[in-house]
Amino acid sequence: MKFHILTIACLVSFLTQAQDLFPFQLPKEKPAQQLSAAMERNYSQYLAPRPEHNELFSKFKYTKLKGFDYNDDDGTISRRDPSKVIFENGKYYVWYTKRETVSPPRGAKLSTDVIPSSDWDLAEIWYATSEDGFTWKEEGVAIPRPEKPNVGWRSVSTADILKWKGKYYLYYQGFMEASGKRGDDCPVTVSYADSPNGPWTPTHKIVIPNGQENAWDQYSIHDPYPLVYKGKIYLYYKSDFDGNPNLVRMQGLAMADDPLGPFEKHPLNPVLNSGHETTLFPFKEGIAALAIRDGNEHNTIQYAKDGVNFEIKAITSFMPAAAGPYVPDAFNSNGNGRGITWGLSHFINVTTWNKNHSALTRFDCDLSLDVNDPEMKKTGLYLKPDIYYSQGLSAKQRKRIEEENKKLKK
Ligand code: AAL
């Protein structure tokens with residue numbers, strides 16, 4: 001009898017355990033069984049349990065653009081920080097920082113009225129148009145540097161575009177001293193026009209001011225990025241703070257009912273704890289964001305149902321720097337954001353430091369609810385060993401390792 005009871009008990013425990021084993025086929029929905037923390041979040045945190053079905057996961061593919069000349073990469077011409085791409089008058093438009101100077105950047109100490117301190121010093125906002133997004137025609141300057149002492153007299157850079165009630169607004173960083181003299185300090189100003197071809201009227205006013213003393217954004221307001229959301233202008237921006245060498249970069253939100261302000265900063269700022277430049281787009285009823293480098297959550301794609309409280313929805317790699325996507329519904333998503341599939345971004349390390357300049361590039365991805373491109377949903381990156389070795393140990397690190405070896409042998 002004892003023997004029988006034992007067998008039955010073993011059988012029952014075996015059957016219950018068997019029931020709880022995680023199935024061979026990955027269930028689409030969270031299975032009703034106890035899960036490890038990793039499996040729990042695989043179902044609760046991401047839009048789908050596998051990246052192929054996760055609408056906010058994508059890899060990124062890059063294509064060299066045609067139509068931009070860089071003076072044989074001698075560092076005297078730079079193009080960087082593209083705006084969102086918009087489609088108007090039968091073609092795509094983009095705005096970007098263009099520096100054309102007598103020399104490459106030489107750092108704050110060596111900078112003069114004509115020698116730039118940084119890649120975005122002594123710059124202007126230019127624009128280009130394209131029929132297909134691959135070949136671009138540089139059309140000319142949209143925002144020149146204004147006369148001293150107007151906002152941006154030293155440099156205007158890093159623009160982004162808003163279309164609101166039939167008018168166009170360019171928001172951009174306005175420097176009043178060479179970047180690097182004291183951090184990368186600047187506020188944001190705005191110009192407006194009746195057509196994307198201009199002419200642009202500068203307001204000469206600070207529209208997104210620096211934060212008050214001791215606030216995270218007291219010195220810099222970077223990368224203004226306007227979207228229309230819930231009938232309002234939601235302008236995301238980045239600030240760098242905590243002073244060198246602890247510099248940290250996070251992103252905040254300022255909202256307005258009128259493009260010329262007043263903009264009210266969100267009380268919960270910063271709303272993204274990671275990312276360098278700002279790249280966001282309406283997605284379903286909320287807003288999605290690319291958090292590229294910097295911060296604990298670098299290399300993630302995030303989503304906030306309310307445009308404010310962002311959560312990680314995908315982890316990826318090789319993200320586009322300073323991306324300006326083509327966001328067809330940037331200004332009219334009406335709570336049904338469709339996502340993005342391409343845009344322009346920049347490479348800042350095209351050459352060596354003494355010929356430093358940046359170049360615009362095209363990126364493609366599938367972060368769209370309307371496109372299903374399985375090639376963009378593969379997580380692997382097949383990089384040649386050279387790429388790894390080019391990011392290899394520094395001389396200082398080699399020295400540390402030598403010391404460690406020596407210690408062992410003593
Ligand atoms: C960029 C942006 C801002 C910074 C500098 C130029 O990538 O974050 O624009 O000021 O670097």
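Just so you know, ligand 1 is whichever comes first in the structure, and atom 1 is the first atom listed for that ligand.
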Distance-only donor-acceptor pairs under 3.5 Å for side chains of residues 401-410, two or more places apart:
{"unit_1": "Glu404", "atom_1": "OE2", "unit_2": "Arg400", "atom_2": "NH1", "d": "3.0"}

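Aromatic ring centres of Phe347 and Tyr62: separated by under 6.0 Å.
The aromatic rings of Tyr236 and Phe310 sit perpendicular to each other, their planes meeting at more than 60°, with 30° as the lower class boundary. By the 30° and 60° cut-offs, the orientation of the rings of Tyr70 relative to His357 is parallel.
A heavy-atom distance below 4.5 Å is not found between the side chains of His346 and Thr97.
Under 3.5 Å, the side chains of Tyr172 and Ser191 contain a donor-acceptor pair of N or O atoms.
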Under a 3.5 Å threshold, I'd like every N/O contact between ligand 1 and protein atoms, with atom names and distance.
{"unit_1": "ligand 1", "atom_1": "7 (O)", "unit_2": "Arg80", "atom_2": "NH2", "d": "3.2"}
{"unit_1": "ligand 1", "atom_1": "7 (O)", "unit_2": "Asp81", "atom_2": "OD1", "d": "3.2"}
{"unit_1": "ligand 1", "atom_1": "7 (O)", "unit_2": "Glu277", "atom_2": "OE2", "d": "2.4"}
{"unit_1": "ligand 1", "atom_1": "8 (O)", "unit_2": "Asp223", "atom_2": "OD1", "d": "3.4"}
{"unit_1": "ligand 1", "atom_1": "8 (O)", "unit_2": "Asp223", "atom_2": "OD2", "d": "2.7"}
{"unit_1": "ligand 1", "atom_1": "8 (O)", "unit_2": "Lys238", "atom_2": "NZ", "d": "2.7"}
{"unit_1": "ligand 1", "atom_1": "9 (O)", "unit_2": "Thr158", "atom_2": "OG1", "d": "2.7"}
{"unit_1": "ligand 1", "atom_1": "9 (O)", "unit_2": "Gln173", "atom_2": "OE1", "d": "3.4"}
{"unit_1": "ligand 1", "atom_1": "10 (O)", "unit_2": "Gln173", "atom_2": "NE2", "d": "3.0"}
{"unit_1": "ligand 1", "atom_1": "10 (O)", "unit_2": "Asp184", "atom_2": "OD2", "d": "2.6"}
{"unit_1": "ligand 1", "atom_1": "11 (O)", "unit_2": "Arg80", "atom_2": "NH2", "d": "3.3"}

